[in-house]
Every structure is written in C-alpha cells, then in structure tokens.
A.B. asks: 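Below: one structure in structure tokens.
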Amino acid sequence: MNENAAQKIRLLMELRRMGITDTAVLSAIERVPREAFVPPTFRDRAYENIALPISSGQTISQPYIVAYMTQMLHPDPRAKVLEIGTGSGYQAAILSKLFRRVYSIERYRSLHLKALEIFEKLKISNITSKLGDGYKGWVEQAPFSHIIVTAAAEDVPAPLVDQLGDNGTMIIPVGPDQGDQTILRITKDHHGMIAEEELIPVRFVPLVQGLAVET
Ligand code: SAH
C-alpha cells in the first residue's frame, strides 16, 4: 500500500471519530483523490486533516470541514446542488458523488479553469462550473434544494436565500474576515418560511463580491 492510501484510511477513521457517520459522505471522501486538487508541493500531505493553500491566496478546506458541511447538507442523489467558491474543485468533486448535478461558481478565472481541467482528468461529468460572482447565485438554474457556500459571508446573501427552494437547506459560514465565523444551516419550509441554526465555529477565506482582478 502506498503512503497516501494508508494516510487516507487514517483520515477516514479520524473523520468517523469526529462524528462523520454518513456512510455516503465517507465513501465520497474515500473515492475522490484529494491529492489531485492540492498543489504538487503538498501532495504528500493531501490526507492530513488540514486546510492547504491553493493559488490566488485561497485554500482547500480541511477534510473534516468538507465532510461536516456535506453531511449537514443531507445530500440527495436525485437533487442538484449549488456551490459557491469552486476553489480547487475538491468540495465540488465530493458533491458530484452525492448529487445528480453540481453547479459551482468561482470568482478567480485561474482557479475556475484549473478546477475544470481536474474534473476532466478525473472524468467527473456532472459538474457545471462557471466564472462569476457567487453572491448573486445562479438564477437560470434556481431554485436549488441544496446550497453550500465555502467562503465566509459578512451577511447571508439575499439572492441565495431567494434561490433556495421550499424544503431547501443552505450551509454557509458567516462572520467577519479573520474574525469569529460560524457555520449556519438555513432552511426554508414548504411555506417558504426561513429558519436559521448555528452549527460550529470556523475560519474561512472571505466571500468577496464581484469578479477577482487577476494580473
Ligand atoms: N470549495 C473550495 C474552497 C475554496 S476557498 C475547495 O474545495 O477547494 C473559497 C473560494 O471561494 C475561493 O476560491 C474564493 O476565490 C471563492 N470565492 C470567494 N468569494 C466568491 C464569490 N463571490 N463568488 C464565487 N467565488 C468566491
């Protein structure tokens, strides 16, 4: 067994200990090669339970946080899901194993293109991703029964709440950049009534409005 495979098993055990009990989520973590999404210099650390830097000053989230947010989203293989913040593409790849179709938005062209390349290489064909401002959501594809935001918003973006369908769930970190942030679960009932629940404290890169200016 190579070093990565042994580390992957250790990581899966650790996630279980930390409360990730959804076997479909654990199986997605097992099947998606995280090493394909991290920069070459960090490949040997791909299965450590830590966030790692990707380009443009962004990060690929800690595996526990990816697993936790995914579990809290209650994946449904018949549903489509909207992700804000494609970044490396890892979270989208995990979602691709658990939903019928994934829509993912990234504001950095370079990250968007790199993620597309990896999805193709791994032959993942049920992710539709675009360059855009995720704050605005994806109107043409709304409503979504499931929305996951992987950057910290100062406030919950109103367009995303609008695009959440009835009986829908949104998982979103909220709080100031570099400050105390909390993952919220926002649900809409079948009358369109909104409820909000605080889950766990986290540290995410900020959700920034508008496209990124790249040099
Ligand atoms: N889900 C990613 C996490 C990347 S970090 C992964 O698995 O690797 C968060 C990402 O959100 C960054 O790439 C950042 O550029 C992006 N982001 C921040 N604000 C955004 C916005 N308004 N629209 C789209 N993407 C945004």
Side-chain angles (χ1 to χ4, degrees), residues 12 15-16 18-34 36-37 60-61 63-106 112 115-116 118-132 134-151 153 156-173 183-197 199-200:
L12 286 162
L15 295 180
R16 261 195 219 107
M18 293 175 85
I20 308 302
T21 50
D22 185 325
T23 51
V25 173
L26 289 166
S27 148
I29 302 263
E30 188 173 358
R31 284 150 66 207
V32 175
R34 190 168 183 255
F37 296 88
I60 172 172
S61 309
Y64 170 67
I65 294 296
V66 171
Y68 178 82
M69 290 175 82
T70 307
Q71 176 166 283
M72 286 313 201
L73 197 55
H74 294 304
D76 176 350
R78 293 160 309 180
K80 57 183 191 182
V81 58
L82 173 66
E83 181 199 24
I84 308 304
T86 315
S88 69
Y90 178 68
Q91 171 78 69
I94 294 292
L95 296 170
S96 79
K97 307 293 181 211
L98 301 163
F99 286 89
R100 182 170 54 80
R101 182 152 285 279
V102 181
Y103 293 88
S104 184
I105 309 175
E106 171 56 53
H112 162 67
L116 267 183
I118 303 172
F119 300 150
E120 250 175 55
K121 203 166 105 200
L122 297 179
K123 299 192 167 49
I124 300 175
S125 56
N126 62 337
I127 301 176
T128 307
S129 61
K130 73 169 181 181
L131 177 68
Y135 193 95
K136 301 191 181 111
W138 197 319
V139 181
E140 297 80 4
Q141 293 298 337
F144 294 93
S145 55
H146 299 74
I147 299 178
I148 178 170
V149 181
T150 64
V156 180
L160 297 183
V161 177
D162 289 343
Q163 290 171 37
L164 189 64
D166 287 354
N167 297 312
T169 301
M170 169 158 46
I171 302 291
I172 178 171
I183 295 182
L184 299 186
R185 173 160 58 188
I186 296 172
T187 48
K188 207 181 246 190
D189 72 11
H190 60 286
H191 300 299
M193 280 280 289
I194 309 290
E196 230 180 73
E197 183 190 344
L199 301 177
I200 55 169

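As the structure is a computational prediction, the values presented were derived from the model and not from experiment.
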A.B. asks: Considering non-hydrogen atoms only, spot the tightest contact between G85 and E106 and give its length.
C.D. replies: C-OE1, 3.8 Å
A.B. asks: Distance check, rounded to the nearest 0.5 Å: I127 atom CD1 versus I118 atom CD1?
C.D. replies: 10.5 Å
A.B. asks: Within the side chain of K136, is there an N or O that forms a donor-acceptor pair under 3.5 Å with the backbone of P159?
C.D. replies: no
A.B. asks: Looking at E83 and S104, what are the two nearest heavy atoms and their distance?
C.D. replies: OE1-OG, 2.7 Å
A.B. asks: Between L122 and A36, which heavy-atom pair has the shortest distance, and what is it?
C.D. replies: CD1-CB, 4.3 Å
A.B. asks: Measuring from atom OG of S145 to atom CG of D166, what distance do you get when rounded to the nearest 0.5 angstrom?
C.D. replies: 11.0 Å
A.B. asks: With rounding to the nearest 0.5 Å, note down the distance linking CE in M170 to CD1 in I194.
C.D. replies: 7.5 Å
A.B. asks: I65 versus M69: any side-chain heavy-atom pair under 4.5 Å?
C.D. replies: yes
A.B. asks: Can you tell me how far apart CG (L184) and CG (L199) are? Round to the nearest 0.5 Å.
C.D. replies: 7.0 Å
A.B. asks: Just to verify, which of I105, T150, I172, I148 counts as forming a side chain to side chain contact (heavy atoms under 4.5 Å, CB included) with I84?
C.D. replies: I105
A.B. asks: By side-chain contact (heavy atoms from CB on, under 4.5 Å), which residues pair with D162, not counting sequence neighbours?
C.D. replies: none
A.B. asks: Any side-chain heavy atom of I29 sitting closer than 4.5 Å to one from Y90?
C.D. replies: yes
A.B. asks: Run the side chain to side chain donor-acceptor pair (under 3.5 Å) test on Q91 and T70 for me, step by step, so that the C-alpha distance in whole Å, both residues' side-chain angles and the decisive distance to 0.1 Å come before the verdict.
C.D. replies: CA-CA 9 Å; Q91 171 78 69; T70 307; 2.9 Å; yes
A.B. asks: Work out which heavy atom in K188 is nearest to a heavy atom in V161; give both atom names and the distance.
C.D. replies: NZ-O, 2.8 Å
A.B. asks: Parallel, tilted or perpendicular, judged at 30° and 60°: which one describes the rings of F37 and F119?
C.D. replies: tilted
A.B. asks: Does I183 reach the side chain of M72, with side-chain heavy atoms less than 4.5 Å apart?
C.D. replies: no
A.B. asks: Just wondering, do T21 and Q71 contact through their side chains at under 4.5 Å, heavy atoms?
C.D. replies: yes
A.B. asks: Starting at NZ of K80, measure out to CZ of F99 and round the result to the nearest 0.5 Å.
C.D. replies: 12.5 Å
A.B. asks: Just one of V25, L98, D22, V81 clears the side chain to side chain contact (heavy atoms under 4.5 Å, CB included) bar with L73, so which one?
C.D. replies: V81
A.B. asks: Hey, could you give me each pair passing salt bridge (charged side-chain N to carboxylate O under 4.0 Å, His left out) that has a residue in residues 85-105? Not counting sequence neighbours.
C.D. replies: none
A.B. asks: Between S129 and W138, what is the shortest heavy-atom contact and its length?
C.D. replies: C-CH2, 4.2 Å
A.B. asks: Distance from E197 atom CD to I186 atom CD1, nearest 0.5 Å?
C.D. replies: 10.5 Å
A.B. asks: Given 3.5 Å as the limit, does a donor-acceptor pair link the side chain of H146 with the main chain of H74, or not?
C.D. replies: yes
A.B. asks: I need the minimum non-hydrogen distance between A115 and G89, along with the two atoms involved.
C.D. replies: CB-CA, 4.2 Å
